[in-house]
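Quick caveat: nothing in here was measured; it's all calculated off a predicted structure.
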Amino acid sequence: MSTKPQNVKGMRDLLPQAMMLRQHIIGTLREVFERYGFEPLQTPTLEHAETLEGKLGDEERLIYRFEDHGGRKLAMRYDQTVPLARVVAQYQSQLQLPWRRYAVGASYRGERTQRGRYREFYQADVDIVGSSSPIADAEIIAVLTDALTALGFDNFVTLLSHRQILGGIARVSGLDEAAAGGVYRAIDKLDKIGPDGVRTELMNSGVSADACDRILHLVSLSGDSESVLNALSTALAGDERAQAAIINLREIIVAATALGVPSNRYAVAPRLARGLSYYTGMVCEAVVESPPMGSLLGGGRYDDLIGLFAERSLPTVGIAFGLDRLHDVMEELGMGPRGAMADVYVTIFNPESMAANLALAHQLRAAGFKVEHTLDASERLGKQLKTADQRGIAFAVVQGPDEQAAGEVVVRDLKSGNQHRFKSAELATGLRGIMQA
RNA sequence: GUGCUCGUAGCUCAACGGCAGAGCGCUGGUUUGUGGCACCAGAGGUUGCGGGUUCGAAACCCGUCGAGCACCCCA
């Protein structure tokens, strides 16, 4: 056991600069979610192990599992979707459907860590429980588009597809359902390994050369969503489930457009597979061109999961924002707030003026400003100004004997060096004016 | 869980078997009513950790912890 302080692998401390960005992200997302009427939900970090088992396919080996002191078999939350299903089943009589809920919290997966991939990671989930309408899918697309835009992203695209489109491609290519899993995974890598790479993988899983060509042609379709959907519709003419999926995507896009989603913010991408086994309908994920960072969010429609807990079918659609990834990308792109928490730094001119200067700090806080000041009444003024500037605080307040005698106070803009004089009583008003300028 | 790469001052890196260094940053001073520029001085290291090879290890070998890359998968 090492005595050296260290955090657990894959789990991070968020120091103030990082935490301020995190809170900015969460605050922005909440504001958007609530604009659509989504209501907050919190569930515990720990669940009964059996609640999580049997829902996630072969990824269950990543679940953190242990026994508590009473011998209960417990597991750490793996995502926020299964807990949602549990809550819906448990409180059915108290919930009015359809129910829009959001949840912000950490989930845990025992994965090998990598950039943008942590063992403790934070997600903000939004889901609409109890509606199979394409309008619900569209609302999710609208929420995520609004949210990423509100955060300042101007380079993202939401990739859209449908489980039954990929299914249809597999069926018309003559693949049986059992072989399809590997085929989906190969197709999903198109962007990463290119058409030739996908072809190699498909051939290795026993797909005929002829089928490879048809699959590659279909999943490589690009262009505006209507022409992609038309091409898919023609190619999958014999497959009823795929046709239904295409109609469903069209309805979703019509509604999303009406809800204000611009056409350059989404793209129909037949290659999109998504691993989580519980998706049944529309699937989506949002990506940015740079920096390289997987998907910023992902999700889709899962109509059967909640039914595993509740005794009735509860169609649900939702997504999860990856807060750590949003954070890492925004940091690299220089997005979000910078600098210190405080708006203004009040200096103490000398020990004799300490009381008068601290009273200014009090006055500003009462007026709603975030105010910091030195704790050393004999600290040199120059040092205080340097400290304030280094901490990223934009303004400093100075009041020495001359100003005090005149009943005035000086506000210094630490970026430009410009100074403004105000009557002491008008400090808050004056500062507000400068800050808005 | 598989296969790799990398851990040296607060940060970015150098030294690559022979005295652990530079730039930036930090502290103090030139400057006791105003920070940023300049100059001067200073502090700061068990070279991630543990073991081994060697006259000698930051360097080579083994292990371990951490970060990252490709798988796998996903936020």
Side-chain angles (χ1 to χ4, degrees), chain A residues 1-12 15 25 56-62 77-81 104-125 144 181-182 184-186 188-189 192-193 197 201 272-277 279 283-288 292-300 318-329 345 347-353 374 378-404 410-419:
Chain A
M1 186 66 187
S2 167
T3 55
K4 185 182 164 189
Q6 188 173 54
N7 42 5
V8 172
K9 182 182 178 73
M11 308 202 179
R12 306 190 295 172
L15 297 181
I25 293 171
L56 302 163
D58 59 353
E59 285 313 302
E60 289 187 10
R61 64 191 170 88
L62 300 178
R77 179 165 64 202
Y78 181 89
D79 64 16
Q80 301 194 99
T81 306
V104 177
S107 296
Y108 300 84
R109 299 181 190 177
E111 293 190 280
R112 192 105 164 214
T113 56
Q114 226 172 99
R115 171 190 165 87
R117 188 168 138 179
Y118 305 97
R119 289 185 172 179
E120 177 181 69
F121 61 100
Y122 283 77
Q123 292 181 314
D125 283 38
L144 77 86
Y184 296 161
R185 279 195 291 278
D188 200 30
K189 287 190 237 172
K192 211 177 236 174
I193 63 180
E201 289 211 14
L272 188 64
R274 299 198 58 76
L276 242 43
S277 50
Y279 292 117
V283 290
C284 65
E285 66 182 47
V287 296
V288 284
M293 176 69 77
S295 53
L296 297 180
L297 60 87
I319 51 164
F321 290 78
L323 297 186
D324 301 277
R325 290 183 177 182
L326 286 172
H327 183 283
D328 291 352
V329 169
Y345 193 97
T347 59
I348 296 178
F349 190 82
N350 61 29
E352 289 69 43
S353 65
T374 182
S378 51
E379 190 175 36
R380 275 182 25 225
L381 185 59
K383 180 128 183 268
Q384 296 180 50
L385 293 173
K386 188 176 180 185
T387 300
D389 187 42
Q390 284 176 330
R391 291 186 44 62
I393 300 171
F395 298 97
V397 167
V398 180
Q399 188 189 49
D402 297 349
E403 289 83 6
Q404 219 173 307
V410 165
V411 175
R412 183 178 177 84
D413 180 330
L414 291 171
K415 272 228 163 50
S416 65
N418 296 337
Q419 302 206 144

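Rounded to whole Å, the separation between the C1' atoms of B:C62 and B:U53 comes to 11 Å. Nucleotides B:C6 and B:G17 have their P atoms positioned 15 Å apart, rounded to a whole Å. For the C1' atoms, the distance from B:G21 to B:U47 is 12 Å, rounded to whole Å. Taking the C1' atoms as reference points, B:C60 lies 36 Å from B:C26, given to the whole Å. Spacing between B:U46 and B:U5 at atom P, rounded to whole Å, works out to 28 Å. Only the C1' atoms considered, B:U27 is 23 Å distant from B:U8, to the nearest whole Å. Taking atom P on both B:U64 and B:C4, the two are 14 Å apart, rounded to the nearest angstrom. For the P atom pair drawn from B:G28 and B:G35, the interatomic distance equals 14 Å after rounding to whole Å.
Of the side-chain N and O atoms in A:Lys383, one or more sit less than 4.0 angstrom from OP1 or OP2 of B:G28. Distances shown here put a side-chain N or O of A:Lys189 below 4.0 Å from the OP1 or OP2 atom of B:C72. Here A:Gln390 does not reach the OP1 or OP2 of B:G35: none of its side-chain N or O atoms lies under 4.0 Å away. The side chain of A:Lys386 contributes no N or O atom lying less than 4.0 Å from OP1 or OP2 of B:G36. Listed pair A:Thr113 / B:A67 meets the phosphate criterion, a side-chain N or O lying under 4.0 Å from OP1 or OP2.
Looking at A:Arg412, its side chain comes within 3.5 Å of the base of B:U34 through a donor and an acceptor atom. Taking 3.5 Å as the limit, the base of B:G33 and the side chain of A:Arg380 contain no donor-acceptor pair of atoms between them. In terms of polar N and O atoms assigned as donor or acceptor, the side chain of A:Gln384 never comes within less than 3.5 Å of the base of B:U34 in a complementary pairing. Within 3.5 Å, no donor on the side chain of A:Arg117 pairs with an acceptor on the base of B:C69, nor the reverse. No hydrogens or angles were tested; on distance alone, nothing pairs the side chain of A:Gln399 with the base of B:G33 as donor and acceptor under 3.5 Å.
Among the atoms of the strands shown, only primed sugar atoms or phosphate atoms (P, OP1, OP2) are found under 4.0 Å from some heavy atom of A:Leu297. Among the heavy atoms of the strands lying under 4.0 Å from A:Gly382 are primed sugar atoms or P, OP1, OP2 only; no base atom is included. Here A:Phe321 lies out of heavy-atom contact (under 4.0 Å) with every strand. Residue A:Asn350 is out of contact with every strand shown, counting any heavy-atom pair closer than 4.0 Å. Using a 4.0 Å heavy-atom cutoff across all strands shown, A:Asp324 reaches no nucleic acid atom at all. Counting non-hydrogen atoms under 4.0 angstrom, A:Gly299 reaches nothing in the nucleic acid. If you check every strand for non-hydrogen atoms under 4.0 Å, A:Tyr122 touches nothing.
Minimum atom distance to the side chain of A:Lys9 is reached by B:A67, of the listed B:U34, B:G68, B:A67. Among B:G35, B:C74, B:G33, the nucleotide with an atom closest to any side-chain atom of A:Arg109 is B:C74. The side chain of A:Glu403 lies closest to B:G33 when the candidates are B:G33, B:C72, B:G35.
Of all the heavy atoms in A:Ala396 and A:Leu385, the pair that sits closest is CB-CD2, 3.6 Å. Heavy atoms only, all atoms of each residue included: A:Arg117 and A:Glu111 are closest at NH2-OE2, 3.4 Å. Nearest approach of A:Glu379 to A:Thr374, heavy atoms of both residues: OE1-OG1, 2.7 Å.
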Working for side-chain contact (heavy atoms from CB on, under 4.5 Å), residues A:Met293 and A:Asp328: CA-CA 9 Å; A:Met293 176 69 77; A:Asp328 291 352; 3.6 Å; yes
Under the criterion side-chain contact (heavy atoms from CB on, under 4.5 Å), I'd like the reasoning laid out for A:Phe395 against A:Asp413: C-alpha separation, chi angles, the key distance, then a yes or no. CA-CA 5 Å; A:Phe395 298 97; A:Asp413 180 330; 3.9 Å; yes
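Distance CG (A:Leu381) to P (B:G35): 8 Å, rounded to an integer number of Å. Per the geometry, CZ belonging to A:Arg115 stands 15 Å off P belonging to B:C71, to the nearest Å. For A:Leu414 and B:G36, the CG to P distance is 12 Å, given to the nearest whole Å. Atom-to-atom, CZ of A:Arg112 to P of B:C65 comes out at 11 Å; the value is rounded to the nearest Å. In this structure, the CG atom of A:Leu272 is 14 Å from the C1' atom of B:C73, given to the nearest Å. Atom CD in A:Glu379 sits roughly 10 Å away from atom P in B:U27 (whole-Å rounding). In this entry the distance linking CZ of A:Phe395 with P of B:G36 reads 20 Å, nearest Å. Note: CZ (A:Arg12) to P (B:G66) measures 16 Å, nearest angstrom.
Surrounding CZ of A:Arg391 are at most 12 heavy atoms belonging to other residues, nucleotides or ligands under 6.0 Å away.
Judged purely by atom type and a 3.5 angstrom limit, A:Ser295 has no side-chain atom pairing as donor or acceptor with the backbone of A:Ala286. A donor-acceptor pair under 3.5 Å links the side-chain atoms of A:Gln384 to the main chain of A:Ile348, judged by distance alone.
The pairing partner recorded for B:A38 is B:U30, the criterion being a Watson-Crick or G-U wobble arrangement whose two distances lie under 3.5 angstrom. Remark: B:U12 base-pairs with B:A22. Criterion, Watson-Crick or G-U wobble with two distances under 3.5 Å. Across all strands shown, B:G3 forms a Watson-Crick or G-U wobble pair, both distances under 3.5 Å, with B:C69. Shown here, B:A43 forms no base pair; nothing in the strands shown gives a Watson-Crick or G-U wobble contact with both key distances under 3.5 Å. Base pairing of B:G63 is made with B:C49, judged by Watson-Crick or G-U wobble geometry with both donor-acceptor distances under 3.5 Å.
Along RNA chain B, the nucleotide closest to A:Gln123 and the one closest to A:Gly10 are compared, and the more 5′ of them pairs with A:Gly10. Mapping A:Val8 and A:Leu296 onto RNA chain B via the closest heavy atom, the residue that lands nearer the 5' end is A:Val8.
Cation-pi geometry between A:Arg109 and A:Tyr78 is met: under 6.0 angstrom from the ring centre, within 45 degrees of the axis.
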